**Student:** 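Structure incoming, see below.
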Amino acid sequence: MLVRLAIDFENPVKAWWENGGRELWEGLREGFEDNSVVLEESVAASWIAEAERVDGWRDGPDYAPHPITINPVADDEDVRL
């Protein structure tokens, strides 16, 4: 199954980005300019586990608790991997 990781722009907390999250995200994107990336679910789960270790991951408001969201990709959606 494919999932999409994306920046949650509704999360106003900067701590995660400043404490190493930005480097983690940029390493995942591999130079792409997009605000999201499509991955196999197992790879995304591994990346999220690492992202959770960075200070600030859980500091967002109830409506946007994390700086990155994870959502399933529809079977009929055309995606680039």
Side-chain angles (χ1 to χ4, degrees):
M1 174 180 195
L2 295 176
V3 296
R4 176 176 282 108
L5 298 180
I7 295 173
D8 189 345
F9 290 104
E10 292 187 6
N11 179 303
V13 179
K14 297 189 185 313
W16 184 81
W17 297 99
E18 294 170 354
N19 292 324
R22 182 173 322 282
E23 290 83 6
L24 190 63
W25 178 251
E26 289 175 355
L28 177 67
R29 293 183 324 136
E30 296 180 11
F32 292 107
E33 296 296 322
D34 297 335
N35 296 320
S36 68
V37 64
V38 174
L39 302 167
E40 289 289 336
E41 187 175 24
S42 61
V43 174
S46 175
W47 188 89
I48 290 290
E50 189 66 27
E52 289 174 339
R53 296 180 193 184
V54 178
D55 289 336
W57 176 257
R58 293 176 183 80
D59 294 348
D62 290 341
Y63 61 88
H66 311 295
I68 304 296
T69 62
I70 185 168
N71 296 295
V73 172
D75 291 336
D76 63 347
E77 186 176 345
D78 186 26
V79 297
R80 64 180 175 164
L81 293 173

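These numbers come from the heavy atoms of this one structure, side chains and all, not from hydrogens, waters or symmetry mates. Keep in mind the model is a prediction, meaning the values are calculated, not measured.
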**Student:** E41: which residues meet the side chain to side chain contact (heavy atoms under 4.5 Å, CB included) condition with it, sequence neighbours left out?
**Tutor:** M1, V3

**Student:** Under the side chain to side chain contact (heavy atoms under 4.5 Å, CB included) rule, collect the residues that match up with V43, sequence neighbours excluded.
**Tutor:** L39, E40

**Student:** Provide the closest heavy-atom pair for D8 versus A64 in the form atom of the first, atom of the second, distance.
**Tutor:** OD2-CB, 3.4 Å

**Student:** Considering non-hydrogen atoms only, spot the tightest contact between G56 and A15 and give its length.
**Tutor:** CA-CB, 4.2 Å

**Student:** Spell out, yes or no, whether V37 and V54 are grouped together once hydrophobic residues are joined by side-chain heavy atoms under 4.5 Å, including indirect joins.
**Tutor:** yes

**Student:** Heavy-atom distance under 4.5 Å between the side chains of T69 and N11, does that happen here?
**Tutor:** no

**Student:** Please check if Y63 and F9 belong to a single hydrophobic cluster, counting links between Ile, Leu, Val, Met, Phe, Trp and Tyr side chain heavy atoms closer than 4.5 Å.
**Tutor:** no

**Student:** When rounded to the nearest 0.5 angstrom, what is the spacing between CG in L24 and CG in N19?
**Tutor:** 12.0 Å

**Student:** Tell me, which pairs form a salt bridge (charged side-chain N to carboxylate O under 4.0 Å, His left out) where one or both residues lie in residues 43-52, sequence neighbours left out?
**Tutor:** E50-R53

**Student:** Kindly state each residue pair satisfying ring pair (Phe, Tyr, Trp, His ring centres under 6.0 Å) with at least one member in residues 38-61, sequence neighbours excluded.
**Tutor:** W16-W57, W25-W47, W57-H66

**Student:** State, to 0.1 Å, how close V73 and R4 come at their nearest heavy-atom pair, and which atoms those are.
**Tutor:** CG2-N, 3.8 Å

**Student:** Applying side chain to side chain contact (heavy atoms under 4.5 Å, CB included), name anything that partners E18, two or more places apart in sequence or on another chain.
**Tutor:** K14

**Student:** Sequence neighbours excluded, which residues qualify as side chain to side chain contact (heavy atoms under 4.5 Å, CB included) partners of A49?
**Tutor:** none

**Student:** Test of understanding: clusters of I, L, V, M, F, W, Y form through side-chain heavy atoms closer than 4.5 Å, transitively. Do V13 and W17 belong to the same one?
**Tutor:** no

